K.L.:
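Here it is, the structure, as structure tokens.
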Amino acid sequence: MLPLRSGGHLRALLARVRGAELWAAPRRASGGLSGAQDSPTAEAGWLRGEVDRFGGVSVRLGALDCLDAATFQRGLHAAVQQWRAEGRAAVWLHVPILQSRLIAAAAALGFGFHHAEAGAATLALWLGPGPSRLPGYATHQVGVAGAVFDESTRKILVVQDRNKLKNMWKFPGGLSEPGEDIGDTAVREVFEETGIQSEFMSLLSIRQQHSHPGAFGKSDMYIICRLKPRSFSIALCPHECLRCEWMDLAQLATAANTTPVTSRAAQLLLYGHREGFEKIDLTMEQFPAVYTGLFYKLYHRELPDSYKTMTGVD
Ligand SMILES: [Mg+2]
């Protein structure tokens, strides 16, 4: 990745920019197709790009804080021409928030926003033939609720949220944090909103809703987990909830002042309680990912061991 430039280094770079010998061809222009790890660092004067495995060039602006927008734009324009001539597929421009004044200069060359995080925006320019084939950024937010069900009393934990237009019974829950497992979100949100400690058992349902007002117009994925209670004494969070109680499951399944998704989950739980939770549960198993050192969680209906090993199957 691009090293941060020191002030002296920056002055030297700017002198090179003004001297116009800058946008030298990358040393290994066509590299990078063999995979991200051995992608060469392409050098285009002060705009250093890294070639990715899709043939795109990624440029990270560092401490170019003295660079004026006009000089930046001239340099970027020449570099883009160079990359286009080399057949690059796209340019990704990572702009730290303090360099935001350079964004308009890039936009004038055809760059658009791809995504932004708190400290930086990423702009993209498609260079390949035809319409852009670059993937979009995040499409969904993920909300997770915990249906904490006490099998011995047939009671289920329900809340009514504050700041809602109607007071409906629902399961405690909230938005998943980056990198957080679904089950961990459910357990954390239940504890934060109700003070109840619980344990993840399974996934019960997934709702997908597009153009969700609470997701800034993006799509919303709302997942309900079955949790087992580990404590029973409610300590309601007054900022998030109006009410919280242990309600009989059959009462929730037939209640009028609840949401359709909550009713359906309650009916599923009643069915599971009577007929066995293996009829409704999507259980979780962890596997190693193809990306070295990483793991993922797989959720599906219970699979007999004979099918897992594929022995003893006709
Ligand atoms: Mg909530």
Side-chain angles (χ1 to χ4, degrees), residues 138 140-164 168-209 212 214-215 218-247 249 252-253 255 258-273 277-287 295-302:
H140 289 67
Q141 73 173 10
V142 176
V144 187
V148 189
F149 179 56
D150 181 9
E151 290 177 57
S152 58
T153 59
R154 216 182 64 166
K155 298 266 186 189
I156 182 111
L157 186 68
V158 285
V159 297
Q160 289 186 6
D161 274 351
R162 211 169 259 292
N163 305 324
K164 297 284 177 197
M168 309 280 252
W169 288 113
K170 60 180 276 282
F171 303 121
L175 297 176
S176 211
E177 291 177 356
E180 187 174 50
D181 282 343
I182 293 165
D184 292 342
T185 305
V187 168
R188 174 181 57 74
E189 284 285 345
V190 165
F191 183 70
E192 286 174 6
E193 295 185 357
T194 69
I196 296 295
Q197 287 169 325
S198 61
E199 182 187 338
F200 173 78
M201 304 305 286
S202 70
L203 296 195
L204 291 178
S205 68
I206 299 174
R207 180 195 72 178
Q208 186 188 31
Q209 187 183 324
H212 193 276
K218 292 287 180 188
S219 303
D220 180 83
M221 198 76 92
Y222 176 58
I223 300 173
I224 301 180
C225 299
R226 181 167 75 86
L227 307 182
K228 191 174 183 169
R230 290 278 169 232
S231 71
F232 298 90
S233 172
I234 292 170
L236 176 87
C237 170
H239 305 295
E240 301 210 43
C241 303
L242 277 178
R243 294 183 189 83
C244 176
E245 63 181 59
W246 289 102
M247 185 183 281
L249 181 59
L252 181 64
T258 185
T259 62
V261 65
T262 306
S263 290
R264 180 54 59 90
Q267 292 156 3
L268 267 173
L269 280 166
L270 260 186
Y271 175 54
H273 185 51
F277 286 116
E278 72 282 355
K279 302 238 186 209
I280 62 166
D281 279 344
L282 300 181
T283 53
M284 183 275 286
E285 201 175 334
Q286 181 163 294
F287 289 89
F295 292 85
Y296 61 77
K297 307 265 163 46
L298 187 66
Y299 302 85
H300 59 71
R301 286 283 293 277
E302 207 46 65

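The structure presented is a predicted model; accordingly, all values stated were derived computationally and were not measured. Only this structure's heavy atoms are used, side chains among them; waters, hydrogens and symmetry mates stay out.
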K.L.:
Restricting to pairs with a member in residues 234-246, which pass salt bridge (Lys or Arg N to Asp or Glu O under 4.0 Å), not counting sequence neighbours?
P.N.:
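Qualifying pairs, neighbours excluded: none.
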K.L.:
Once rounded to the nearest 0.5 Å, what's the spacing between atom OG1 of Thr283 and atom NE2 of His300?
P.N.:
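Going from OG1 on Thr283 over to NE2 on His300, the span is 6.5 Å.
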K.L.:
Among all residues two or more places apart in sequence or in another chain, which pass the ring pair (Phe, Tyr, Trp, His ring centres under 6.0 Å) test with His273?
P.N.:
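His273 satisfies ring pair (Phe, Tyr, Trp, His ring centres under 6.0 Å) with Phe149 once adjacent residues are dropped.
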K.L.:
Heavy atoms, side chains only, cut-off 4.5 Å: are Phe171 and Leu252 in contact?
P.N.:
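Yes, their side chains come closer than 4.5 Å.
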K.L.:
The criterion is side-chain hydrogen bond (donor to acceptor under 3.5 Å, both in side chains); which residues satisfy it with Ser263, sequence neighbours excluded?
P.N.:
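side-chain hydrogen bond (donor to acceptor under 3.5 Å, both in side chains) check on Ser263 returns nothing, list empty.
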K.L.:
Among residues at least two apart in sequence or on other chains, which ones pass salt bridge (charged side-chain N to carboxylate O under 4.0 Å, His left out) with Glu278?
P.N.:
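Once residues adjacent in sequence are excluded, Glu278 has no partner under the salt bridge (charged side-chain N to carboxylate O under 4.0 Å, His left out) criterion.
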K.L.:
For Leu204 versus Ala147, what's the shortest heavy-atom pair and its separation?
P.N.:
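Smallest interatomic distance, heavy atoms only, reads CD1-CB, 4.4 Å.
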K.L.:
With the side chain counted from C-beta on, respond yes when Asp150 and Ile156 share a heavy-atom pair under 4.5 Å apart, and no when they do not.
P.N.:
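No, too far: nothing below the 4.5 Å cut-off.
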K.L.:
Rounded to the nearest 0.5 Å, how far does NE2 of His239 lie from CD of Glu193?
P.N.:
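If I round to the nearest 0.5 Å, the distance is 12.0 Å.
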K.L.:
List in chain and number order the residues that pass salt bridge (charged side-chain N to carboxylate O under 4.0 Å, His left out) with Glu151, two or more places apart in sequence or in another chain; answer none if no residue qualifies.
P.N.:
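Counting only residues at least two positions away or on another chain, Glu151 forms no salt bridge (charged side-chain N to carboxylate O under 4.0 Å, His left out).
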K.L.:
For Ile206, enumerate each residue passing the side-chain contact (heavy atoms from CB on, under 4.5 Å) test, keeping only those at least two apart in sequence or located in another chain.
P.N.:
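Here the qualifying residues are Met221, Ile223.
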K.L.:
Val190 pairs by side-chain contact (heavy atoms from CB on, under 4.5 Å) with which of Val159, Leu157, Val144?
P.N.:
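Result: among Val159, Leu157, Val144, Leu157 is the only option passing the side-chain contact (heavy atoms from CB on, under 4.5 Å) with Val190.
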K.L.:
Grab the two heavy atoms, one from Ala145 and one from Ala186, that are nearest each other, plus how far apart they are.
P.N.:
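For Ala145 versus Ala186, the nearest heavy atoms are O-CB, 4.0 Å.
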K.L.:
To check you understand the geometry: which heavy-atom pair defines the closest contact between Ser198 and Val187, and what is its length?
P.N.:
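Answer, listing the atom of Ser198 first, then Val187: O-CG1, 3.6 Å.
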K.L.:
Could you work out, with side-chain hydrogen bond (donor to acceptor under 3.5 Å, both in side chains) as the rule, every residue matching His140, not counting sequence neighbours?
P.N.:
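Gln208.
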K.L.:
If I take atom CH2 from residue Trp169 and atom CD from residue Gln160, how far apart are they, to the nearest 0.5 angstrom?
P.N.:
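It is 4.5 Å, given to the nearest 0.5 Å.
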K.L.:
So, using salt bridge (charged side-chain N to carboxylate O under 4.0 Å, His left out) as the criterion, who are the partners of Lys170 when residues are at least two apart?
P.N.:
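Partners of Lys170 under the salt bridge (charged side-chain N to carboxylate O under 4.0 Å, His left out) test: Asp161.
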K.L.:
Hey, can you pull the donor-acceptor pairs under 3.5 Å for the side chains in residues 227-238, sequence neighbours left out?
P.N.:
residue: Arg230; atom: NE; partner: Glu199; partner atom: OE1; Å: 2.9
residue: Arg230; atom: NH2; partner: Glu199; partner atom: OE1; Å: 2.1
residue: Ser231; atom: OG; partner: Gln197; partner atom: N; Å: 2.9

K.L.:
Mind checking what makes side-chain hydrogen bond (donor to acceptor under 3.5 Å, both in side chains) contact with Gln209, not counting sequence neighbours?
P.N.:
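Result, side-chain hydrogen bond (donor to acceptor under 3.5 Å, both in side chains) vs Gln209: none returned.
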K.L.:
Would Phe277 and Leu269 count as a side-chain contact (heavy atoms from CB on, under 4.5 Å) if you check the C-alpha gap in whole Å, the side-chain angles of each, and the deciding distance to 0.1 Å?
P.N.:
CA-CA 8 Å; Phe277 286 116; Leu269 280 166; 4.1 Å; yes
K.L.:
List in chain and number order the residues that pass salt bridge (charged side-chain N to carboxylate O under 4.0 Å, His left out) with Asp181, two or more places apart in sequence or in another chain; answer none if no residue qualifies.
P.N.:
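For Asp181, the residues satisfying salt bridge (charged side-chain N to carboxylate O under 4.0 Å, His left out) (neighbours in sequence not counted) are Lys297.
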K.L.:
Hey, are the side chains of Ile224 and Arg207 touching, using non-hydrogen atoms and a 4.5 Å cut-off?
P.N.:
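A side-chain contact under 4.5 Å is absent here.
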K.L.:
Report the residues that fulfil side-chain hydrogen bond (donor to acceptor under 3.5 Å, both in side chains) with Ser176, sequence neighbours left out, ordered by chain and then residue number.
P.N.:
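So Ser176 forms a side-chain hydrogen bond (donor to acceptor under 3.5 Å, both in side chains) with Thr185.
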K.L.:
How about Arg226 and Ser202: do any of their side-chain heavy atoms sit closer than 4.5 Å?
P.N.:
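Yes - at least one pair of side-chain heavy atoms lies under 4.5 Å apart.
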K.L.:
As an exercise, state the distance from CD of Gln267 to OG1 of Thr262, rounded to the nearest 0.5 Å.
P.N.:
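Gln267 atom CD to Thr262 atom OG1 measures 10.5 Å (nearest 0.5 Å).
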K.L.:
Determine whether more than 12 heavy atoms belonging to other residues, nucleotides or ligands lie under 6.0 Å from atom OH of Tyr299.
P.N.:
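Count over threshold, so yes.
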K.L.:
Taking it one step at a time, do Gln141 and Leu175 satisfy side-chain contact (heavy atoms from CB on, under 4.5 Å)?
P.N.:
CA-CA 7 Å; Gln141 73 173 10; Leu175 297 176; 3.6 Å; yes
K.L.:
Report yes if some heavy atom in the side chain of Val148 is under 4.5 Å from a heavy atom in the side chain of Trp246; otherwise report no.
P.N.:
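Yes, close enough: below the 4.5 Å cut-off.
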